[in-house]
Amino acid sequence: MEHEKFMQRCLELAAIGSGYVAPNPMVGCVIVANDLIIGEGYHKIFGGPHAEVNAFDEVENEDLLSSATLYVSLEPCSHFGKTPPCVDLIISKKIQRVVIGCRDSNPAVSGKGIDRLKRAGIEVIEGVLENECRWLNKRFFTFHERQRPYVVLKWAQTQDGYIDRIRGEASSGINWVTSETTKSLVHKWRSEEQSILVGRNTIINDNPSLTVREYDGRNPIRIVIDSQLQISGDQNIYSNEAPTIVFNRLKNDQKENVEWVKISETSTSKILEELYKRGISSVFVEGGSRTLQYFIIDNVWDEARVLVGNTWFNEGVKAPVISKIPSDSYKFGEDKVYIYYRK
């Protein structure tokens with residue numbers, strides 16, 4: 001039970017890095033001597049020191065390390081990336097035992113860090129709260145094991161099942177379904193994903209910024225599907241608030257923070273393939289209805305979050321349909337949130 005207790009602390013620390021470390025995994029680390037934590041840390045930002053480095057930096061009396069146990073939620077890295085290998089640091093500090101939550105499925109790391117530790121004579125214990133450790137980094141594991149980003153679908157629908165009103169030729173602007181306070185929740189969700197994706201009609205109809213404004217976090221990379229380049233140049237998605245990628249079938253081009261990427265077809269598989277090539281580990285699909293439904297039909301989604309507002313349209317654009325029972329549901333202010341997992 002002691003191992004589980006300290007690994008749980010690793011998970012709590014790791015989660016603090018949500019939204020800041022992608023495409024790297026969230027990792028937490030604690031160093032324990034005489035049943036007390038003498039140092040702890042987590043991976044704070046992409047390109048910054050790893051959890052193990054930050055944990056060692058907190059240790060005041062290094063004489064305790066030779067009898068200490070290091071707990072880490074993910075296998076320590078054994079290769080040079082943006083930072084030196086963590087296994088070298090662990091070995092140099094004379095740690096005698098390392099407890100690991102789960103193995104890293106990145107081919108550059110998987111099993112190699114553990115082997116290095118064992119060859120150095122360090123006792124290694126694996127698989128402590130393994131399911132919980134993998135769940136925390138489901139985006140990271142999906143990226144490396146399925147060679148595509150983790151896909152989160154999101155939409156808001158009325159009580160009578162509509163996602164939008166019928167649009168006339170001059171009817172632009174957002175038809176709000178949920179309450180004003182729910183925007184903060186959606187912006188929090190956006191900040192936790194590496195990218196956000198919408199189709200052409202969502203841009204033309206709503207002119208969204210696709211940024212994080214109601215929550216303190218990083219803006220995701222904006223992804224737009226516009227096969228025939230029909231979106232005008234004065235839309236909000238072309239602002240300098242975040243990078244934007246426009247998938248289309250006409251041209252490759254780059255202008256400031258906007259990249260136009262020509263692909264053979266604007267299918268879900270091709271788009272996810274292109275995002276994978278760019279190292280994008282998660283995508284938040286916000287609309288519209290057809291775009292969302294394509295991901296559902298093609299069965300290339302992992303999680304869906306459906307907001308149901310206290311509104312009625314009586315007619316309009318039908319919301320997408322998932323033929324599953326929700327895994328979870330809860331109230332958020334005046335609205336209801338339903339969570340679905342594909343598996």
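Here SG of Cys86 is found 9.0 Å from CZ of Phe56. Values are rounded to the nearest 0.5 Å. Interatomic distance, CD of Gln293 versus CD1 of Ile163, reported as 9.5 Å (0.5 Å rounding). A distance of 7.5 Å separates CD1 in Ile125 from OG1 in Thr69, rounded to the nearest 0.5 Å. Between Leu210 atom CG and Glu241 atom CD the span is 10.0 Å, to the nearest 0.5 Å. Atom CD1 of Ile339 is separated from atom CG of Asp328 by 6.5 Å, given to the nearest 0.5 angstrom. Remark: Lys188 NZ to Asp216 CG distance equals 12.0 Å, nearest 0.5 Å.
Taking the charged nitrogens against the carboxylate oxygens, Arg103 and Glu126 do have a contact shorter than 4.0 Å, which makes a salt bridge. Taking a cutoff of 4.0 Å between a charged side-chain nitrogen and a carboxylate oxygen, Glu62 and Lys93 qualify as a salt bridge. For Arg134 and Glu130, the salt-bridge test fails: no basic side-chain N is under 4.0 Å from an acidic carboxylate O. Residues Glu259 and Arg278 are paired through a salt bridge, judged by an N-O separation under 4.0 Å between the basic side chain and the carboxylate.
The two residues Val72 and Met7 come nearest to each other via the heavy atoms O-CE, 3.5 Å. Scanning both residues, Cys133 and Val128, for their nearest heavy atoms gives SG-O, 4.0 Å. Here the shortest heavy-atom pairing between Asn24 and Phe140 reads C-CD1, 4.3 Å. Across Ser239 and Arg222, no two heavy atoms sit closer than the pair O-NH2, 2.7 Å. Nearest heavy atoms, Ser195 versus Ile223: CB-CG1, 3.9 Å. The minimum heavy-atom distance linking Gly113 with Ser78 is given by the pair N-OG, 3.6 Å.
Follow the hydrophobic side-chain contacts under 4.5 Å out from Val87 and you reach Val98 in the same cluster. No path of Ile, Leu, Val, Met, Phe, Trp and Tyr side chains, each step under 4.5 Å between heavy atoms, connects Tyr238 with Val212, placing them in separate hydrophobic clusters. If you chain together hydrophobic residues whose side chains sit under 4.5 Å apart, Phe295 and Ile221 fall into the same group. A chain of hydrophobic side-chain contacts below 4.5 Å, direct or via other Ile, Leu, Val, Met, Phe, Trp or Tyr residues, connects Leu89 to Ile114. Residues Phe332 and Val152 share a single hydrophobic cluster, defined by chaining ILVMFWY side chains whose heavy atoms lie under 4.5 Å apart.
The main-chain N or O of Thr211 is never found under 3.5 Å from a side-chain atom of Asn219 such that the two would form a donor-acceptor pair. For Asn205 (side chain) and Asn201 (main-chain N/O), a donor-acceptor pair under 3.5 Å exists by modelled atom type. In this structure a side-chain-to-backbone donor-acceptor pair under 3.5 Å is present from Asp335 to Ser179. Between the Asn310 side chain and the Glu334 main chain, no donor and acceptor come within less than 3.5 Å of each other. Of the possible polar contacts, none joining the Asp253 side chain to the Trp260 backbone as a donor-acceptor pair under 3.5 Å is found. Ser110 places no side-chain N or O within donor-acceptor distance of the main-chain N or O of Pro107, the cut-off being under 3.5 Å. Here the side chain of Asp104 pairs a donor or acceptor atom with the backbone of Asn106 at under 3.5 angstrom. Side-chain atoms of Glu75 come within 3.5 Å of backbone N or O of Gly111 as a donor-acceptor pair. Side-chain atoms of His43 come within 3.5 Å of backbone atoms of Pro49 as a donor-acceptor pair (strictly under, hydrogens ignored). Side-chain atoms of His187 come within 3.5 Å of backbone atoms of Arg213 as a donor-acceptor pair (strictly under, hydrogens ignored).
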Leu307 and Tyr338: side chain to side chain contact (heavy atoms under 4.5 Å, CB included), yes or no, with the steps?
CA-CA 6 Å; Leu307 298 161; Tyr338 295 90; over 6 Å; no

Carefully, step by step, assess Arg190 and Glu286 under the rule salt bridge (Lys or Arg N to Asp or Glu O under 4.0 Å).
CA-CA 10 Å; Arg190 288 179 179 179; Glu286 275 215 32; 2.6 Å; yes

So Val32 and Leu36, side chain to side chain contact (heavy atoms under 4.5 Å, CB included) or not? Walk me through it.
CA-CA 5 Å; Val32 177; Leu36 295 173; 5.8 Å; no

Please tabulate, one pair per line, all N/O donor-acceptor pairs under 3.5 Å involving side-chain atoms of residues 8-22, not counting sequence neighbours.
from	atom 1	to	atom 2	distance (Å)
Arg9	NE	Glu40	OE1	3.1
Arg9	NH1	Glu12	OE1	3.3
Arg9	NH2	Glu40	OE2	2.7

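The aromatic rings of Phe6 and Tyr71 sit tilted relative to each other, their planes meeting at an angle between 30° and 60°. Ring-plane geometry between Trp135 and Tyr341 is classed as perpendicular, the angle between the planes exceeding 60 degrees on a 0 to 90 degree scale with a lower cut at 30.
Of the candidates Arg139, Glu303, Gln194, Glu303 is the only one forming a side chain to side chain donor-acceptor pair (under 3.5 Å) with Tyr150. Among the candidates Leu74, Leu136, Asn137, the single residue satisfying the side chain to side chain contact (heavy atoms under 4.5 Å, CB included) test with Cys102 is Leu74. Across Thr202, Ile245, Ile237, a single residue satisfies side chain to side chain contact (heavy atoms under 4.5 Å, CB included) together with Val224, and that is Ile237. The side chain to side chain donor-acceptor pair (under 3.5 Å) test with Asp302 is passed by exactly one of Arg148, Lys138, Lys343: Arg148.
A centroid separation of less than 6.0 Å is found between the aromatic rings of Phe143 and Tyr276.
More than 12 heavy-atom neighbours from other residues, nucleotides or ligands sit within 6.0 angstrom of CD on Gln254. Enclosure of atom CD in Glu145 by more than 12 non-hydrogen atoms of other residues, nucleotides or ligands within 6.0 angstrom is indicated. More than 12 non-hydrogen atoms from other residues, nucleotides or ligands lie less than 6.0 angstrom from NZ of Lys183. With a 6.0 Å radius and a threshold of 12 heavy atoms from other residues, nucleotides or ligands, Asn61 has its CG atom above the threshold. Asn34 CG: 12 or fewer foreign heavy atoms inside a 6.0 Å radius. Within 6.0 Å of atom NZ in Lys251, more than 12 heavy atoms from other residues, nucleotides or ligands are found, so the atom counts as buried in its surroundings. Within a 6.0 Å radius of CD in Glu58, other residues, nucleotides and ligands contribute more than 12 heavy atoms.
Side-chain atoms of Pro76 and Leu117, non-hydrogen and from C-beta on, do get closer than 4.5 Å to each other. Under the 4.5 Å side-chain criterion, counting only non-hydrogen atoms from C-beta, Phe313 is not in contact with Glu315.
With sequence neighbours left out, Thr178 forms a side chain to side chain donor-acceptor pair (under 3.5 Å) with no residue at all. Every residue meeting the side chain to side chain donor-acceptor pair (under 3.5 Å) condition with Gln230, not counting sequence neighbours, appears here in chain and number order: Arg200.
In summary, the side chains of Glu193 and Ser282 do present a donor paired with an acceptor at a separation below 3.5 Å, with no hydrogens or angles considered. Side-chain contact annotation: Asn248 with Ser227, donor-acceptor N/O pair under 3.5 Å absent. Side-chain contact annotation: Ser267 with Ser269, donor-acceptor N/O pair under 3.5 Å present.
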